[in-house]
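Residue numbers start from 1 in every chain, and the chains themselves are labelled A, B, ... in the order their sequence lines are given, proteins ahead of strands.
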2 protein chains.
Amino acid sequence: MSTLPDKTVERLSQYRRNLLICDAKGKEHIFSHEIANIHHITPVQVRRDIMLIGYTGTLRKGYNVKELVALIGEILDKPEGQNVAIIGAGNLGRALMKYFKNRREKLSVVAAFDNNPEKIGTIYANVEVFPISQLKQIISDKKISIAIISVPVDNAAAIADSLVEAGIKGILNFSPRPVNVPEHIYLEEYDMITSLEKVAYFAKNKN
Amino acid sequence: MSTLPDKTVERLSQYRRNLLICDAKGKEHIFSHEIANIHHITPVQVRRDIMLIGYTGTLRKGYNVKELVALIGEILDKPEGQNVAIIGAGNLGRALMKYFKNRREKLSVVAAFDNNPEKIGTIYANVEVFPISQLKQIISDKKISIAIISVPVDNAAAIADSLVEAGIKGILNFSPRPVNVPEHIYLEEYDMITSLEKVAYFAKNKN
DNA sequence: TTATCTTTGTTTTATTAATAACAACATAAA
DNA sequence: TTTATGTTGTTATTAATAAAACAAAGATAA
């Protein structure tokens, strides 16, 4: 499977989340327009995404929920799983730990890091907090390939450098300043302030 | 000014953030390629965005930092300011309160809401926590036009309904299930799980 | 049996966003 | 004075994304 479009990957993740809920409710089949309604998009978009991953529904019943979930899993997940570290155990870091706890079988938060001595050694949502000085060691020991940066903005750049050095493969940066990483590392930046300012801008002119 | 492209609005918010840092450092002028480097985009993109808001730099010195910040403010901000409420004072909610504290003159978090009796009446990052039962009253009293949803996923839909009823103009939803709001309200959804799964997908095949 | 309805899968078109190309201009250097 | 350099502002092109259009197929009902 050649790499899928960015936006399709995002939507597949979202489809799966809600398909799992449908499955838990005992729903066996689902139509493209039902999926579309949940996500505020068009049914065509849904069918196109599903086409791209090579799944085929049945004409009268739509898509088999379990099968579709399984196939999205094959596409998105790495069979042997991926381990995640959260750098920064402040409010945001802890929110993330709770969020991701037992969320996905193939994606586990296995360590957190912080500089605050009071936090080191504590366990939150099953995740132990280590000192940042041990970053490289533990990333290697625990075979961590993905990191989430949730430290204050002034520390983000240094953390990113350490992560690169430690051999991380993907970074999700929540700090509001972009970080620099080499080409071979996948970097996703998300900035809450920008999201809020965007809402403010578009809400400004609403009657 | 007709409405700007989505992505341009996002970038303007980011430009401003970093221009303010430049200004604080005493930097008076900045070139498009300097801005571009910070944000990992092309100088053309920067110039195009700046063109769209009608600002003009000088040929040899680039853009005047203070002037550009002021103009972005005129574009993004509402002159009389906008008030924000955060619904859900858990880890994520508190992270947001801290994040936005004194961040923008024209965008102030003026109330938080939660159902937990222990949290009600407490003040975090200068923001008081009110019971959700008072949502409508306080949104009206404090002239709040923007809300951030950071409650557990099962409560998000009901909160969204209340917010709509309370006359909110824009919503930023951090819960992982999309909410339904009428057309006349601006809705931005952001889902951390999707971001992480996206990083995992694209990092998966890195060597 | 035939017609109708509904839904999928896929191609075509439209929209949005990013990039490239380049003229205009000011400064500095020759 | 003339040429070279580097930057902006803007138009043109390309790429990415979403939407529309529609054929195919199977179920249902007439």
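The CZ-C1' distance, from B:Arg47 to D:dT10, rounds to 10 Å in whole Å. In this structure, B:His29 places its NE2 atom 20 Å from P of D:dG6, rounding to the nearest Å. We find that CG of B:Leu59 is positioned 10 Å from C1' of D:dG9, with the value rounded to whole Å.
Between B:His33 and A:Thr42, the residue whose closest nucleotide on DNA chain D is further toward the 5' end is B:His33.
Within 4.0 Å (heavy atoms only), B:Pro43 reaches no atom of the nucleic acid at all. Nucleic acid contact class of B:Thr8 (heavy atoms, under 4.0 Å, all strands): none. As judged by a 4.0 angstrom heavy-atom cut-off over every strand, A:Ser32 is placed among residues touching the sugar-phosphate backbone only.
In this structure, B:Phe202 and A:Tyr186 have parallel ring planes: the angle between them is below the 30° cut-off, well short of the 60° mark.
When only modelled atom types and interatomic distance are considered, A:Thr194 and B:Arg17 share a side-chain donor-acceptor pair under 3.5 Å.
Residue pairs satisfying the side chain to side chain donor-acceptor pair (under 3.5 Å) criterion with at least one member in residues 68-96 of chain A, sequence neighbours excluded, are listed as follows: A:Arg16-A:Asp77, A:Asn91-A:Arg94, A:Asn91-B:Tyr124.
The residues A:Glu34 and A:Lys27 are annotated as salt-bridged, a charged nitrogen and a carboxylate oxygen being separated by less than 4.0 angstrom.
No hydrogens or angles were tested; on distance alone, a donor-acceptor pair under 3.5 Å links the side chain of A:Arg60 to the base of C:dT6.
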